[in-house]
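What follows is one structure encoded as structure tokens, with my remarks underneath.
So you know, we letter chains A, B, ... as the sequences are listed, proteins then strands, and number each from 1. Bear in mind the structure is a predicted one, so any value in this text is a computation, not a measurement.
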Number of protein chains: 2
Amino acid sequence: MQIKPEAVERCGDTVIHEETVNRVRELMPPDETLYDLAELFKVFGDSTRVRILWALDESEMCVCDIAALLGMTQSAVSHQLRHLKQAKLVTNRREGKTVFYSLADEHVRQVFDQALEHILEDRYE
Amino acid sequence: MQIKPEAVERCGDTVIHEETVNRVRELMPPDETLYDLAELFKVFGDSTRVRILWALDESEMCVCDIAALLGMTQSAVSHQLRHLKQAKLVTNRREGKTVFYSLADEHVRQVFDQALEHILEDRYE
DNA sequence: TGAATATATGAACATATATTCATATGTTCA
DNA sequence: TGAACATATGAATATATGTTCATATATTCA
């Protein structure tokens, strides 16, 4: 399919394909939604948090265990758990001195699985 | 279900729940995979790139059009398109002076949809 | 070939953020 | 109550990154 010239204006002035731009603009979700989406992905965009989420998908764990599993400081893990909780991706319950964290959302696994497909597809081509 | 004490060691020394940690450790994917996963999400974790991807999911577009749609500099858009291409999320074809970009992966939409469910779930509770 | 135009890119700057360190908070138990 | 321990958190630091600006590259057309 060829792109038909919708307008003859230069790029610098208005737009080259004005109709396309206008059509897509109407189809776009509100900026706030796309901003929230990016914010959520930003939370996923750190290997420490990804590892924590993956671990919690296997089992509820306390901070100390996560730190041991990942070979990280208790403080670093605690800071990241804070982010994950703010994003409502994990919840926690206290049992004495210990605080157990677990996944708060069943979508996480599905998002990860879809993203993994993209990665694996790239690897073996 | 109660957590049974698997070990009596202190957190500082070894691990509190050693069996859990060992079990989860074996279930975890290789670090490289989780690192790649985080890298991919890092690409999604910017509202400019999310908006570009969403736009391209609606229609193939040239750099100039994307810049006009988003109200951004051509340079800024071009830089971000570079990231998206490196992540193999978009491809491009040249037609004269114009370069058209389009989605390279059908998983993007699915990942976005899953993530949106999480967001919308949070909003109306 | 040279002017005009669309896109790409390197350097610089400002901002965001992950980890560390020190310390505070909360809980148990003697 | 006080000691021991698990977790949380504020400040500081180092690093990563998005945008801007200037400029390079690529293509068309007279």
Problem set entry | Pairing nucleotide - C/dT17, Watson-Crick or G-U, each distance under 3.5 Å |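 Answer to the pairing question: D/dA14, which forms a Watson-Crick or G-U pair with C/dT17.
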Problem set entry | Strand partner of D/dA30, provided both Watson-Crick or wobble distances fall under 3.5 Å | C/dT1
Which of these nucleotides, [options], is closest to any side-chain atom of [X]?
X: B/Thr48; options: C/dA8, D/dT19, C/dT19; answer: D/dT19
X: A/Ser75; options: C/dG26, C/dC21, D/dT7; answer: C/dC21
X: B/Gln80; options: D/dT19, D/dA8, C/dA6; answer: D/dT19
X: A/Ile16; options: D/dA8, C/dA6, D/dT17; answer: C/dA6
X: A/Gln74; options: D/dT19, C/dA8, D/dT7; answer: D/dT7
X: B/Lys42; options: D/dG18, D/dT17, C/dT9; answer: D/dT17
X: A/Lys97; options: D/dT20, D/dT9, D/dA6; answer: D/dA6
X: B/Arg82; options: C/dG10, D/dT27, D/dG18; answer: C/dG10

Exercise. Under the criteria of a ring-centre distance below 5.5 Å and an interplanar angle below 30°, is B/His79 stacked with the base of C/dT9?
Worked result: yes
Exercise. Of B/Cys62 and A/Gly45, whose closest DNA chain C nucleotide lies nearer the 5' terminus?
Worked result: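 Between the two, 5'-proximity favours B/Cys62.
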For this session: Would you kindly compare A/Gly96 and A/Ala76 by the position of their nearest DNA chain C nucleotide and give the one closer to the 5′ end?
Result: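 Going by which nucleotide is closer to the 5' end, it is A/Ala76.
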Exercise. So does A/Arg93 pair up with A/Glu60, basic N to acidic O under 4.0 Å?
Worked result: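 Yes, this pair counts.
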Exercise. Within the pair B/Tyr101 and C/dA6, is there a side-chain N or O less than 4.0 Å away from OP1 or OP2?
Worked result: no
Rounded off to whole Å, could you give me the [atom1]-to-[atom2] distance for the [X] and [N] pair?
X: A/Phe100; N: D/dT7; atom1: CZ; atom2: P; result: 8 Å
X: A/Leu70; N: C/dT20; atom1: CG; atom2: P; result: 12 Å
X: A/Phe41; N: D/dG18; atom1: CZ; atom2: P; result: 15 Å
X: B/Arg94; N: C/dA6; atom1: CZ; atom2: P; result: 12 Å
X: A/Ile52; N: D/dT7; atom1: CD1; atom2: C1'; result: 14 Å
X: B/Arg49; N: D/dA16; atom1: CZ; atom2: P; result: 15 Å
X: B/Glu95; N: D/dA26; atom1: CD; atom2: C1'; result: 15 Å
X: A/Leu81; N: C/dT17; atom1: CG; atom2: C1'; result: 17 Å

Exercise. Taking side chain as C-beta onward, heavy atoms only, is A/Met28 less than 4.5 Å from A/Val24?
Worked result: yes
Exercise. Between B/Val50 and A/Tyr35, is any pair of side-chain heavy atoms under 4.5 Å apart?
Worked result: no
For this session: Would you classify B/Ser78 as touching base, sugar-phosphate or nothing, given that sugar-phosphate means primed atoms plus P, OP1 and OP2, and contacts are heavy atoms under 4.0 Å?
Result: base
Exercise. For B/Glu26, does the CD atom have more than 12 heavy-atom neighbours from other residues, nucleotides or ligands under 6.0 Å away?
Worked result: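 No, CD of B/Glu26 has 12 or fewer neighbouring heavy atoms, counting only those of other groups under 6.0 Å.
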For this session: Ignoring hydrogens and angles, state whether a donor on the side chain of B/Glu117 or A/His107 is under 3.5 Å from an acceptor on the partner side chain.
Result: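 Distance-only check passes for B/Glu117 and A/His107.
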For this session: With ring pair (Phe, Tyr, Trp, His ring centres under 6.0 Å) as the test, would you mind laying out the steps for A/His118 and B/Phe44 before giving the verdict?
Result: CA-CA 13 Å; A/His118 172 79; B/Phe44 289 149; 7.6 Å; no
